[in-house]
> 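Take a look at this one; I'll ask things after.
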Amino acid sequence: MIIVLRPGTTDAELEDLIGRIRSLGLDVDVSRGVKRTVVGVIGEEDKVRVMPLAAIPCVEQVMPVLKPYTLASLEFHPEPSRAAVGGVSIGGGAPFVVIAGPCAVETPEQLRGTALAVWRAGAAALRGGAFKPRTSPYSFQGLGEEGLRLLRAIGDELGMPVVTEVMDTRQVELVDKYADMLQVGARNMQNYTLLTEVGRVGKPVLLKRGMSATVKELLMSAEYILSQGNRQVVLCERGVRSFEDSVRNVLDLSAIPNIKGTSHLPVVVDPSHATGRWDLVAPMARAALAAGADGVMVEVHEHPEEALCDGPQALLPKRFAEMMGDLRRLADALGRGLAKPTRLPVSQHQNL
Ligand code: PEP
Ligand code: MN
């Protein structure tokens with residue numbers, strides 16, 4: 001850490017600052033320039049972070065040298081890490097993963113129809129919300145445990161791992177019982193008690209970027225989960241708020257190489273919530289693959305006009321299959337390939 005002092009700092013103020021730093025068991029290196037004095041802190045930077053140095057009147061600027069996150073950083077883990085979602089790997093050079101399914105589990109028929117469609121088109125994992133974070137308390141809130149049960153049943157039938165959101169610490173045990181991957185939604189990215197709880201489960205976590213969160217804040221939230229012992233965190237870029245009102249959010253594609261330059265964690269992109277428009281989903285999914293994402297998560301509905309949640313961004317199965325064809329060609333051209341579901345023997349599927 002480097003501390004720049006204000007012009008006119010007295011020797012007594014400097015000595016006081018040095019004394020405070022040394023009291024933490026750290027050493028200092030003082031460099032006196034013509035106009036400015038700079039203090040370098042030698043030793044574990046974490047120790048000095050507890051001290052509010054910027055509150056000391058002679059301190060003009062505090063510049064950390066190390067990143068505030070450790071376990072999420074490339075310094076800690078120089079190779080890209082990989083999460084195992086059921087039998088499907090995400091990250092660490094594994095083939096590109098497509099997670100698809102409805103925004104919300106609505107009925108057994110709706111889930112089954114959508115799950116079969118995305119499975120046939122080659123999606124590797126199934127998504128579906130049983131607990132829905134809705135802006136209005138009067139909107140459909142999800143089927144709860146019944147939704148989880150339906151999701152698990154069709155996932156098992158098709159050999160697809162299932163991803164679903166956990167909104168509250170009180171739901172962690174229940175969701176863990178049914179899901180292969182626990183999703184923490186954008187609105188909960190900085191719910192630190194929830195992050196701590198999902199950090200204690202043995203399943204991978206899909207951590208979505210908050211709609212107004214910086215990349216650094218996203219990585220600090222991942223650090224909460226990692227620090228509890230759960231080392232399988234997958235980050236999800238799902239668009240951020242801006243002044244643009246023709247799309248739901250603005251997809252920050254630069255977040256993909258930006259995160260990969262500083263963290264080993266896998267990154268997937270959610271072009272559905274990022275745009276809020278079905279016509280933009282496929283182009284943004286292709287862009288995510290081209291920019292180096294490890295996968296995408298896409299919402300699909302057989303009757304978007306009847307969807308209880310997020311109909312305008314849902315792809316029809318036919319369009320989803322077209323998108324999969326394009327992604328397959330692009331993934332092959334890039335030498336990545338697409339991840340396949342862990343299919344059951346064909347005999348078990350011939351009647352589906
Ligand atoms: C979702 O994926 O179901 C969802 C609600 O997304 P987000 O948290 O990104 O809004
Ligand atoms: Mn949705």
Side-chain angles (χ1 to χ4, degrees), residues 85 90 97-106 110-111 114-115 118 123 125-137 139-144 147-148 151 162-168 171 175 178-191 194-195 198 204-213 215 217-218 221-222 225 233-242 247-252 255 267-278 280-281 284-285 288 293 295-316 320:
V85 182
I90 306 183
V97 174
V98 179
I99 305 166
C103 175
V105 179
E106 299 171 8
Q110 168 256 7
L111 179 64
T114 308
V118 301
L126 180 66
R127 69 148 284 147
F131 295 103
K132 295 305 304 173
R134 304 304 300 277
T135 305
S136 166
S139 300
F140 176 59
Q141 303 285 310
L143 295 183
L148 295 175
L151 199 62
V162 298
V163 184
T164 195
E165 177 160 356
V166 52
M167 280 174 54
D168 190 289
Q171 298 159 355
V175 175
Y178 291 96
D180 296 296
M181 181 180 227
L182 279 68
Q183 176 175 323
V184 173
R187 291 154 193 80
N188 266 322
M189 189 204 85
Q190 287 179 312
N191 179 339
L194 180 60
L195 299 177
V198 298
V205 174
L206 182 68
L207 176 63
K208 300 192 88 175
R209 179 179 181 178
M211 56 194 82
S212 306
V215 163
E217 286 163 342
L218 174 61
S221 291
I225 302 170
V233 178
V234 175
L235 305 174
C236 181
E237 163 58 42
R238 47 77 75 208
V240 289
R241 282 258 164 110
S242 95
V247 282
R248 184 172 177 180
N249 293 289
V250 171
L251 178 57
D252 178 9
V267 181
V268 307
V269 167
D270 171 351
S272 305
H273 293 90
T275 62
R277 283 173 41 182
W278 67 266
L280 304 182
V281 169
M284 291 301 98
V296 284
M297 182 162 80
V298 172
E299 289 186 348
V300 178
H301 201 290
E302 288 186 297
H303 305 285
E305 70 285 359
E306 290 168 14
L308 296 181
C309 187
D310 288 349
Q313 68 197 35
L315 285 183
L316 286 164
F320 177 74

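As the structure lists them, so they are numbered: ligands from 1, and atoms in each ligand from 1. Basis for what follows: all heavy atoms, side chains included, without hydrogens, waters or symmetry-related copies.
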> Which atom, counting only N, O or S, brings Glu299 closest to the Mn ion (ligand 2)?
OE2
> Would you mind listing which atoms of ligand 1 come within a distance below 4.0 Å of any non-hydrogen atom of Pro133?
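In order of numbering, the contacting atoms are 5 (C).
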> Report the atom name of the nearest N/O/S atom of Asp310 relative to the Mn ion (ligand 2).
OD2
> To check your reading of the model: name the closest protein heavy atom to atom 8 (O) of ligand 1, its residue, and the distance in Å.
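It is Ala186 N, 2.8 Å.
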> Hey, does Met211 sit under 4.0 Å from ligand 1 if you only count heavy atoms?
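Contact check Met211 vs ligand 1: negative.
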> Could you tell me whether any N, O or S atom belonging to Cys309 is less than 2.8 Å from the Mn ion (ligand 2)?
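It does not: Cys309 brings no N, O or S atom closer than 2.8 Å to the Mn ion (ligand 2).
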> Taking distance alone, with no angle check, do Met297 and ligand 1 share an N/O pair under 3.5 Å?
no
> So, does Arg127 use its side chain to make a donor-acceptor pair with the main chain of Pro102 at under 3.5 Å?
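Flag set: sc Arg127 to bb Pro102 pair under 3.5 Å.
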> Of all the atoms in ligand 1, which lie at a distance below 4.0 Å from a heavy atom belonging to Glu165?
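Numbered from 1, ligand 1 contributes 5 (C).
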> Within a distance under 4.0 Å of any heavy atom of Gly185, pick out the atoms of ligand 1 and give their elements.
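This gives 8 (O) as the contact atoms.
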> Would you please name every residue forming a side-chain contact (heavy atoms from CB on, under 4.5 Å) with Val240, sequence neighbours left out?
Arg209
> Under a 4.0 Å heavy-atom limit, does Cys236 contact ligand 1 with its side chain, its backbone, both, or neither?
neither
> Nearest protein heavy atom to atom 6 (O) of ligand 1, by residue and atom, and its distance?
Lys208 NZ, 2.9 Å
> Quick check against the 3.5 Å criterion: does Glu217 have a side-chain atom that pairs as donor or acceptor with the backbone of Ala213?
no
> Which atoms from ligand 1 have a heavy atom of Lys132 less than 4.0 Å away?
3 (O)
> With no hydrogens and no angle check, is any side-chain donor or acceptor of Thr164 less than 3.5 Å from a backbone partner on Ala179?
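A pair under 3.5 Å: no.
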> If the condition is side-chain contact (heavy atoms from CB on, under 4.5 Å), which residues does Asn191 pass it with, not counting sequence neighbours?
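Listed in chain order: Asn188, Thr193, Leu194.
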> I need the nearest protein heavy-atom contact for atom 4 (C) of ligand 1: residue, atom name and distance, please.
His273 NE2, 3.5 Å
> Decide whether the shortest distance between a heavy atom of Gly129 and an atom of ligand 1 is less than 4.0 Å.
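Gly129 does not count as a contact of ligand 1 under the 4.0 Å cut-off.
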> Please determine, by modelled atom types, if Gln313 and Asp310 share a side-chain donor-acceptor pair under 3.5 angstrom.
yes
> What atoms of ligand 1 come closer than 4.0 angstrom to any heavy atom of Arg187?
7 (P), 8 (O), 10 (O)
> Any sub-3.5 Å donor-acceptor pair from Gln190's side-chain atoms to Gly210's backbone N or O?
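No.
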> Calculate, to the nearest 0.5 Å, the distance between atoms OG and CE belonging to Ser242 and Met211 respectively.
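Answer for the OG-CE pair, Ser242 versus Met211, is 13.0 Å.
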> Could you check whether any side-chain N or O of Lys132 sits under 3.5 Å from a backbone N or O of Ser139, counting only pairs where one atom can act as donor and the other as acceptor?
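Between the backbone of Ser139 and the side chain of Lys132 there is no qualifying donor-acceptor contact (under 3.5 Å).
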> Rounding to 10°, state the angle centred on the Mn ion (ligand 2) that links NE2 in His273 with SG in Cys103.
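It is 160°, given to the nearest 10°.
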> With distance as the sole criterion, is a donor-acceptor pair present between the side chains of Glu306 and His301 under 3.5 Å?
no
> Are any side-chain N or O atoms of Thr275 and backbone N or O atoms of Leu280, one a donor and one an acceptor, separated by less than 3.5 Å?
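Judged by distance alone, no pair lies under 3.5 Å.
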> Which of these, Arg127, Arg209, Arg248, Arg238, has its nearest heavy atom closest to atom 3 (O) of ligand 1?
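Considering heavy atoms of Arg127, Arg209, Arg248, Arg238, the nearest to atom 3 (O) of ligand 1 sits in Arg127.
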